[in-house]
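The structure appears below as structure tokens.
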Amino acid sequence: MVTDSRAASSDGAVRPVDAPAPVKVREGSNGKPQAVRIGRRWHKAVSITNRWHLGPDEWWTEHQLDRLYFTLRLEEGRPFTVFQDLLTSQWYSQRA
Amino acid sequence: MTTGYVELHCHSAYSFQEGASWPHELLLRAKELGYPALALTDHDNLAIALDFAHSAKSMGIRPITGAEVTLQGGHHLTLLAETAKGYANLCKLLSYAHVKGDRRAPAIDPDWFGEHGEGLIVLTGCAHGLVPSLAAQGRMRQAAATLRQYLDWFGSGSVFVELSQNLAEQDRSRNRRLHGLARELGVPIVATNNVHYHVPERHRLHDALVAVKSLKSLSESHRERRANNEFYLKSAEQMTPLFTGAEDALANTLRIAERCTFDLTADMGYQFPSYPVPDGYTELSCLRRVCDEAAVRKYGRITRQVQERLDEEFRRMGKHGLAGFFLLYYEIIQLARQVMIDLGHGDAETPLEANPPGRGRGSSVAMLTGYLTGISHIDPLTYDLGLDRFLPEDMGAVPDIDLDFPRDIREELIKRVHHRFGWEHAALVGAITTYQAHGVVRALGKALALPPDLVDRLAKRIDQGDARHLRQEMEGLPEFKHLVDAPDWRAMLELAPQMADLPRGIQQHSGGMVISTRVLTEMVPVMPGAIEGRYVMQWDKDAVDQAGMLKIDFLALGTLSQMQEAVHLIEQRSGKALDLSRINFEDESVYDMLADSDTIGVFQVESAAQMQTLPRLRPRNLMDMAYEVACVRPGVGAIDGVTHFIHRRNETELVTYDHPLEKPALERTLGVILYQDQVMEVAIHVAGFTAREGDQMRRAFAKKNNEGLIRHWWERFRDQAAARGVTEETARKIFGKFNGGYQFPEAHAVAFGVTAFQMAWLKKYHPLEFFVGLLNAQPMGFWGEDVIRGDGGRRGIGLLHPHVNRSEAKAIIEGDAIRLGLLSVKNIGEETAKIILGERQHGGPYASLAGLMARTKLRREELDSLAAAGALDCFGGDRRAVLWEIGLRYRPLGGQGALSLPSEQDTATLPQQTRWERMSDEYRMMGVTPDGHLMEELREELGPRFTTSSQLSALDEGAFVLVAGMVVRLQHPAANAFFVTLDDGEGLIPLILWPAVYEQYRGKLRETFVLVAGRVSRKEGTVNIIVEHVGTLADFRAKQRTRTEGPGTERFQQARPYFR
């Protein structure tokens, strides 16, 4: 599971760079991301340039991790990496 | 659309910490997925390839034999055997990888592919392959050059660019580049999933194994472990979307599978050894001449009986093509004889068959040819031993020849056989080591970073246990019970059952060797053994059996070392030669000694179980000795054969048969199946089986998961017996006597019975030499040194402490006593002993501790051990003072050496060691207390209520007793009860614990000293104690302090003051 990064920042703790942040994702019928919401706007993904699976890891601890990553090319041309937490089905972006 | 898929890159647990599924699990899953074929490509070995091939075929899956090999530089490459030539090359490459490189880190020099590339199909490997790594780094020019080199070596049709897509972050970009490279060079592509387990759930065990292999915890081994759980057997439907745009890669898996027609179960090309013979001879006539000449020396002439027996043996050997094998064997025996002479255990004048260097065991002892060529020491004509078990007319399985040697002869012989035939023709059989309960706990404990001391304690406590039932094991241990539900231990409890018995590596089998006329390394990979000069096959004995290879077992038998030394000492002391084959085998007093169970240290008849049987069976001749050693075997025990045999022998039970047809098979053993051979004979006489069928049926019982097989044999037995007029009910009764428990072949029992008698004779007439030999052959046999000391002591043989000025490395005779050797002391190894002895020989006896230290420069630990064992008593003073002086004088290595300066001014006044302290130290250092038994020190404290072993025989059946002693043995044979033996300093006390009692007290039985309350059980001359309560010394002492009485039954009250 992914630790709630907002909760950590509200404590005043230092927020690690590149910590996962929840993101809204519109999924296609095959479960793959089609669009992501950045700020107030939805950005369409024109292609998926990579897909990879990380985990299950840390399964021997209380903080198991299992993620499916996607590198998307957004319509404006920039790459954007998101992952789905396979334990909760929640989406996160890997940006700070 | 799916195009079908076959996995061509698949690891089983035999990749050793790099695969987490058993081959049969992979096959079952492959079957479910509808694979027509499956390749097994374990890392750098073919250890399970043959078994995999057989299993796959039996399931209708075509096996593909291959390996993922490591190249110099550490890159991987996947090789598959397309043809028999390819398989031979694979074996050669793997052999060279181990022999020419580092045994522990095998690596192939790619230049070898030029000569050994034919017949192999090459896939460029997983992400760790050279071509894929170069591609991943973007070094496409080098990747292309390497690929061209492969094409050159293996041929353009035999190289495939391997695309593995396990959804790791780099897979997609690497595969894109590899695909481009393949197109550019016109090389076909192939998909693999680099399988490491059969289902995704097994990834946890795999993660743990990788952590174990890297000697790190799971948390520390992210770099070594794989990114995810995608490395499992996938269906064509799962693979298809991963290879969109590269569909060829999937289709090619099927094409390659079809091309790999090599069948390891049929095409290996092994033949029985042939042997070069002089002109004018055939192998048979050459061997016959050897036998005839030996027969004249043995019997004076070739009698009709000898002639007829040899004719029959030669007819069968001729029929089965075994003469070359026997000639080869004869040469090995001659090599062994030369070793014996070189080691000073024999002379060149005595003919081979008169003083054979080893002793046959097993069914081969039935061969007169063996007796005459020195393979065995038993004349099969004397004991009327039949040929059918070893060499049946319709031989199905390959005969095994087992030969026992004294340890030193065996060590040297193995080297000389390697030297004589070369490692490419002669190698030791391998053995697969596996994860046992304690190993599982330790390995997982480290991987999961559990508290090391807790893990260590648990590992020790469940040493005899089963990791499959770790939860139950822990629940039974009060100290660990609470952990079964602790979150930290959850993974341990989940994974331990999966890890139980998993293979962990290949090592050398106890002594099996295969010598092959055809180059062995073309049939199986061979690697250097852990001991220099030895070479080990990657196949274990089961694979060697499956392959139908002739195996020769060179076994080290401690007893023969003991016998060799005893005979040598007797000859030295008496000045007369002793030939143990000419002693009086009818000697009544030796049999009396055996019947009294006075057999500690006597080969085969010293175990607690044998001690119980000897007074009941009371052997009086060598045939009885064969019965004696044969009857205490699981296969006989399973049908209560011991009891029936003894009762029938003592005429308290009638000799009966379940059907008269059994009589020819069982008459000689009073209607009871004692020997392996008789299972076969019963099948022959009752159901008309051939000898081969009978033997196959017998072997079926010993196999695992054999229900189907047994049903098959039962139906045949029933039907064929019915044709001979045996009813189904009777047939069932007879068939019910066959079982999978081990039994001796008759010839083996005779061979061992003779050796047992010879050892008993030595004990009776030359006890001093017998005990020296016994101590020097340790560890061996059933009892520890302290029990042996006690037994010698009861014969008046004293044991003297090791002594730096008198001891040799091993035990020696000094007057009427035995002087322990320096090697009996913990921490003193051969090298240290050599230093002490060499310096003593060179510079004379050591005059003082200071002198010893200055001259030998022994390490502190070694000096302390010698002092604690009493080896420095000669320098005077109490041992505690000696230890103090060592501390004063000792300077660690590299610093200034010990100075011979006076040390009196620094000597402290220390309290003298008590006898108990001294003896405890000795026991810790040597496992033996030369001056007496520790129990002697406790007897006064325990008081007169405790019965001693020497008083037991006077007690009545059912009498209540209290006994105390050291636990020297704990056994749990197949039967219900647990058998524990106590040594109370006066002798041994056999205890019987029923399971419930054992469960209650198992923790206490691990203590050194225990106190026991129970009832006397007397049966046919034996005395046992049926245990009711067990207590420890601490319990007793605590009780002595408080002395509170408790309520309860009378029996409970009797015992309670001592144990509760």
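Because the structure is predicted, anything quoted here is derived from the model rather than measured. Residue numbering restarts at 1 for every chain, and letters A, B, ... go by the order of the sequence lines.
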query = Given the options A/Leu54, A/Asp57, A/Thr71, which has more heavy-atom pairs under 4.5 Å with chain B than any of the others?
reply = A/Asp57
note = Looking only at heavy atoms, the pair that brings A/Arg51 and B/Leu242 closest together is NH2-CD2, 3.9 Å
inquiry  = So for B/Ala168, is it side chain, backbone, both, or neither that comes closer than 4.5 Å to the heavy atoms of chain A?
reply    = backbone
ask   = Contact part of B/Arg226 toward chain A, heavy-atom cut-off under 4.5 Å: side chain, backbone, both or neither?
value = neither
request  = Among the options B/His203, B/Met492, B/Gln165, B/Arg490, pick out the one with the most heavy-atom pairs lying under 4.5 Å from chain A.
outcome  = B/His203
task = Of all the heavy-atom pairs spanning B/Arg204 and A/Trp59, show the shortest one and how long it is.
result = O-CZ2, 3.4 Å
message = Is B/Leu450 close to chain A through its backbone or its side chain, or both, or neither, when contacts mean heavy atoms under 4.5 Å?
response = neither
message = Within the 4.5 Å heavy-atom criterion, are B/Arg172 and A/Thr49 side-chain neighbours or not?
response = no
query = Above 12 or not: heavy atoms from other molecules or residues under 6.0 Å from CD of A/Glu76?
reply = yes
note = Output for pair (A/His53 NE2, B/Asn229 CG), nearest 0.5 Å, gives 5.0 Å
query = With a 4.5 angstrom heavy-atom cut-off, which part of B/Ser173 approaches chain A: side chain, backbone, both or neither?
reply = neither
note = Residues B/Glu169 and A/Asn50: closest non-hydrogen pair is O-ND2, 2.8 Å
key: Structural part of B/Leu218 lying under 4.5 Å from a heavy atom of chain A   = both
Parallel, tilted or perpendicular: rings of A/Trp60 and B/His222 (30°, 60°) = tilted
ask   = Any chance CZ of B/Arg223 has more than 12 other-residue heavy atoms, nucleotides or ligands included, within less than 6.0 Å?
value = no
